Q: 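Quick one: structure below, then a few questions.
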2 protein chains.
Amino acid sequence: MKQQRNTKQRQMILDAVQTRLDHPTADQIYLDVRTIDKRISRGTVYRNLNVLTGQGKISHVKLPQTDRFEADAKLHYHLICTKCGAVCDAPLPYQKELDEMASAHTDYQILRHRTFFEGICPACQKKKD
Amino acid sequence: MKQQRNTKQRQMILDAVQTRLDHPTADQIYLDVRTIDKRISRGTVYRNLNVLTGQGKISHVKLPQTDRFEADAKLHYHLICTKCGAVCDAPLPYQKELDEMASAHTDYQILRHRTFFEGICPACQKKKD
DNA sequence: ATGGGTGCAAAGTGTTTGCAAGTAT
DNA sequence: ATACTTGCAAACACTTTGCACCCAT
């Protein structure tokens, strides 16, 4: 694997993800970092989010619409509001038995699974439209 | 809800999805339908795939990269090869208990969940690179 | 010094949309 | 006749990339 350096941009991007408690999109990270260094480019943010994900320092949350990133690298599920798009962690443990079941019944070499729940968040329920 | 018509384009698109045994992308459907009617447009395909999904006649498989569609409208999981992108149905039943668990532990009104397994398909395993 | 990294802008993907003309009901 | 649909092309939203310069090691 190629040697990877520690640039100040990469560090700022990691800090930005770790600072946020939610699930920011790449563009939100870009905007956050830009408040500190207004010369950073979107390309650099995208490239580094991928590098940091590869290093296991952050995780890439693959959802419909727009992908998101978060500091918590442990496997877990997400909840997404189909009205407003809000994303939060799901209060359920990762079901590793599902990977075992899938492995047992297919010839795929199963690595993991990703699950996201679709529903209406409390705020949108109140709007009752 | 607005009245929906039965156009020949819509029917051809539904037929195309039902004819395929795999999980075609919108563009694959477009190409398939084009072999029959070379005047159809991508916009029409996208619009109708959404309409048909809304009618419950087909299902929209939301995966990273490119969304796919399939004739089977029952809830089920998918397997995706991280090397070649191949998609197939997972041999596991939909775990409705997960929806109940999520409902019990959050204030979201849970509608469903989507799960996809990531792994290496048999063909790519043989390539052993 | 050397090769990974950055900024910039252009190019890609995949999908949606405005509009005038067409057509199912 | 009415209003849902279509074809076309332009517009979008998000992400990747080529390139010349820069900088961490």
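Residue numbering restarts at 1 for every chain, and letters A, B, ... go by the order of the sequence lines. The model shown is predicted, which means the values in this text are computed figures rather than measured ones.
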Q: What contact category does Asp27(B) fall into here, base, sugar-phosphate, or nothing, at under 4.0 angstrom with non-hydrogen atoms?
A: nothing
Q: Looking only at side-chain atoms of Asp37(A), point me to the closest of dT15(D), dG7(C), dC4(D).
A: dG7(C)
Q: Just the rounded figure in Å: distance from C1' of dC14(D) to CG of Asp67(A).
A: 9 Å
Q: Using atom NZ of Lys2(B) as one end and atom C1' of dT25(C) as the other, report the distance to the nearest whole Å.
A: 15 Å
Q: Looking across every strand, which nucleic acid part, if any, lies under 4.0 Å from Asn6(A) by heavy atom: base, sugar-phosphate, or nothing?
A: sugar-phosphate
Q: Is there a side-chain polar atom (N or O) of Arg39(A) under 4.0 Å from OP1 or OP2 of dT6(C)?
A: no
Q: Determine, for Lys74(B) against Asp72(B), whether the closest basic-nitrogen to carboxylate-oxygen distance falls under 4.0 angstrom.
A: yes
Q: If I take atom CD in residue Gln55(B) and atom P in nucleotide dC4(D), what distance separates them, rounded to the nearest angstrom?
A: 14 Å
Q: Are any of the side-chain nitrogens in Asp22(B) or Arg20(B) under 4.0 Å away from the carboxylate oxygens of its partner?
A: yes
Q: Rounded to whole angstroms, how far apart are CZ on Arg34(A) and C1' on dT6(C)?
A: 15 Å
Q: For the pair His76(A) and His23(A), name the ring-plane relationship: parallel under 30°, tilted 30 to 60°, perpendicular over 60°.
A: tilted
Q: Rounded to the Å, how far apart are Gln9(B) CD and dT5(D) P?
A: 11 Å
Q: Please tell me if Ser41(A) has a side-chain N or O lying less than 4.0 Å from either OP1 or OP2 of dC8(C).
A: no
Q: Report the distance from atom CD of Gln4(B) to atom P of dT5(D), rounded to the nearest whole Å.
A: 6 Å
Q: Judged by each residue's nearest nucleotide on DNA chain C, which is more toward the 5′ side, Arg5(B) or Thr25(B)?
A: Thr25(B)
Q: Rounded to the nearest angstrom, tell me the gap between atom CD in Gln65(B) and atom P in dT13(C).
A: 12 Å
Q: What contact category does Arg47(A) fall into here, base, sugar-phosphate, or nothing, at under 4.0 angstrom with non-hydrogen atoms?
A: base
Q: Is there a side-chain contact between Thr7(A) and the phosphate of dT6(C), meaning an N or O under 4.0 Å from OP1 or OP2?
A: yes
Q: Taking 4.0 Å as the cut-off, does a side-chain nitrogen or oxygen of Tyr46(A) come that near to OP1 or OP2 on dT15(D)?
A: yes
Q: If I take atom CZ in residue Arg42(A) and atom P in nucleotide dC14(D), what distance separates them, rounded to the nearest angstrom?
A: 10 Å
Q: Return no unless some side-chain N or O of Asn50(A) is found under 4.0 Å from OP1 or OP2 of dT15(D).
A: no
Q: Please determine if Arg112(B) and Asp99(B) form a salt bridge, counting it only when a charged side-chain N lies under 4.0 Å from a carboxylate O.
A: no
Q: Give, for atom CD of Glu97(A) and atom OG of Ser103(A), the distance between the pair rounded to the nearest 0.5 Å.
A: 12.5 Å
